[in-house]
Enquirer: 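This is the structure I have questions about; it appears just below.
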Amino acid sequence: MRMTSKLRLITFALILALVSCAQSENPNLVRTIEEFDNVVATLQPGDKVILANGIWIDVEFKLKAEGLPDKPIELTAEEPGKVIISGQSNLSFSGSHIIVSGLVFKNGYTPTSEVISFRTSKAELANNSRVTNSVIDNFSNPERHDSDTWVAIYGKNNQFDHNSLMGKGNRGVTLAVKMTTEGSQENDHVIEYNYFGPRGTLGSNGGETLRIGTSHYSREYSNTIVRNNYFDRTSGELEIISSKSCGNEIRDNVFFESQGTLTMRHGHHTLVENNYFLGNRKPNTGGIRIINGYQTVRNNYLYGLTGHRFRAALVIMNGVPDGPINRYDPVVDSNMNNNIVVDSDYIQLCAGSDAERSAAPTGSSMHNNIFMSKTNLNPFTVYDDISGISFEGNVLNEEASSPIENGFSKVPYSVAKNENGLLVPAQSLIDEIKFGEVKLPVAKDDTGAGFYPKVDDIPTFQSGDTLSVEAGTNTILKALNSSKSGDTLILENGGEYLLTKYAVINHPITIKTESGDKAVVRSEKLSFFILENGGALELENLWIDGAESPDQAGNNVISTSRYSMNRNYSLAVRHCKVTNLDVNHSFDFLKVYKNTFADSIEILDTEMTNITGSILTLDKETEDLGIYNVENVSIKGSKFKDIQGSVANIYRGGTDESTFGPIVVIEGNEFTNTGLGSRNKTEASLKFHGVQKLHISDSSWNKSAPLELYLTNGEPITVIKDIVMENTGEIRANNNEYEVDNISYK
Ligand code: CA
């Protein structure tokens, strides 16, 4: 059938009408920041602003609007999860009854000090507003110590729920409740069902995941409720949650393998109830720390926590009498009752007692707690007068002992998995303290933005594929270029490998000879391997030889990035041989730069000979701000001979108490002619300054520079035993606060 021209016109008009009708259904779909600004200027209660799907680069969204309780203003995505905000971007909003949802911030960082801000200026705050179903994923400033806050909640009656905040790599609080003006105090905010994804050790203060208030306003009430959140490996620093205000309620949260504690750092009258801490015996995992007055800690479940001192399972601190607002208020009328503590190592009472923190707790109680553990049979440490804490009805397994005379009864150790998969004491004991069902209050899957995947396994060495690499020039580089995170490069038995370019490591990688003769690797460049941000390196059964390195001072085998790294790296050297790092002076094994941080560095069963520089020098943070370069160092079963520099030189300065590294283990090594080179400024074979846990054992020194210790900050634990020093000076130390057992000097 042929259409008449009139019919055609009518059809055309109809189509036009349909199209404009479709547009009017979505009148506020915006595609650029200019369109966004234009729409925002016209918003009326009940209106929506919809960001078009796609990647938004370098955009600073500022939304000022007034909604009504039944007609909120909404800022949302065309489709949740399909609006990606990247580059140098952020969002601030103020007014009332505003709901933000469906946004994803990734591949960038904020140019200001906040990514999502509940205010548009000091005076313009958001009230009765909500951010939900949104994501901030590794939106980290590349400068590790350039501080920012990912989410800053100002105003009153705001809600932050079902969001995923993961992978913060730079300094600064992940989520902060700000109380800087009266308009942000007594705020009644609710923070619930959020997924706080993994955060690496920062190696400095400023790695809190959630902070409520600051010391300045800490005697004001915040009344923030934090419930049903999942904290997944949030390990930035000592404080996972730092409550720094009064009247908060922290309940029904899960802390999974997080290295840190829920700390009532300032403020009074906070309730901590029914939280679950699953340490799973991972290092430095902690529980709950009480400071200040009128705090209530009850019905929490704590499993497998290994942290000590301020990072113990349960901590009650000493305070400063009439101290300034930023120090520690004494613990007064606080209760730590009805908690279940299983397979955890430390309970610390009057922790931090010293000349300044001299006020012991008063009017406080520890009642009806169940302590079941064989992992440390003396879990309680009492640092000061505990007469101000009453002990009643606590239960302890009979193998363990307590220095506290009354208020504990002994029962057989009985721990079994319950129907919810949690390790619990006998039901009769649970019933006695009326704990109720032992069950996680929230599942990981019920938290966070529903559309966005959570973090499962963090990539590790040898978790990927294996790639065979032929002997030859730059064959390792080719293999690295085609490798993925966790892959293993297998070199030929006894094969010879030459690098004429830098081998850049961008993800976890293992390079090894499977068995038999070690493959030999040489390089013509200043460094063999460069660890860039995100990189980690494991060398196994290799021979690293410096004979082809350029004739210049300052070569090295492994270097970190020259630039700030906001991801932590790790390095393992196992069953290797390292020779001839001597083509010129100061040829180091590892060279690190400032603003880099290693989770762990391990040298195992390795021989290093004839080296004009140092092996591990981790001393680049010299400002004494409590910042340092490595968390764990382990040197075991290794031989060092003819090393002109030091084998290890680790520096951690300052008096800040927010971190717990470095932690160093030196065991079963031989040091021969080490540390005596004229360029070795440390004049030591090993030098440790401010190391917090140091264990040296079963090692011998021969014709070497001495061991030097500078014990500082908190209560460093230093143990030296079963060592022989022949033609080597005596240990140099700033004090004798270390444990020595069986040293022989010859
Ligand atoms: Ca802190």
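Everything numeric here is computed off the predicted structure, so don't read it as measured data. Values below: all heavy atoms of this structure, side chains included; hydrogens, waters and symmetry mates excluded. For ligands, and for the atoms within them, numbers begin at 1 and follow the listed sequence.
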Enquirer: For Glu186, is there an ion pair with Lys156 - N to carboxylate O distance below 4.0 angstrom?
Expert: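 Result for this pair is no, no salt bridge flagged.
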Enquirer: Classify the side-chain pair Asp345/Thr306 by whether it contains a donor and acceptor separated by less than 3.5 Å.
Expert: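 No, Thr306 and Asp345 have no side-chain donor paired with an acceptor closer than 3.5 Å.
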Enquirer: Nearest to the Ca ion (ligand 1), which N, O or S atom of Glu239 do we find?
Expert: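 The Ca ion (ligand 1) is closest to the Glu239 atom OE1, counting only N, O or S.
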Enquirer: Can you tell me if, anywhere in Asn205, an N/O/S atom lies at a distance from the Ca ion (ligand 1) that is smaller than 3.0 Å?
Expert: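 Checking the Ca ion (ligand 1) against Asn205, an N, O or S atom does fall under 3.0 Å.
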Enquirer: Testing Thr112, Asn141, Asn170 for side chain to side chain donor-acceptor pair (under 3.5 Å) with Asp148, which one passes?
Expert: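 One option only clears the test, and that one is Asn170.
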Enquirer: Please give the atom name: the N, O or S atom of Glu208 nearest to the Ca ion (ligand 1).
Expert: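 Minimum-distance N/O/S atom of Glu208 relative to the Ca ion (ligand 1) is OE2.
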Enquirer: Kindly say whether Tyr230 contributes a backbone atom to a donor-acceptor pair with the side chain of Asn194 at under 3.5 angstrom?
Expert: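 No, Asn194 side chain to Tyr230 backbone: no donor-acceptor pair under 3.5 Å.
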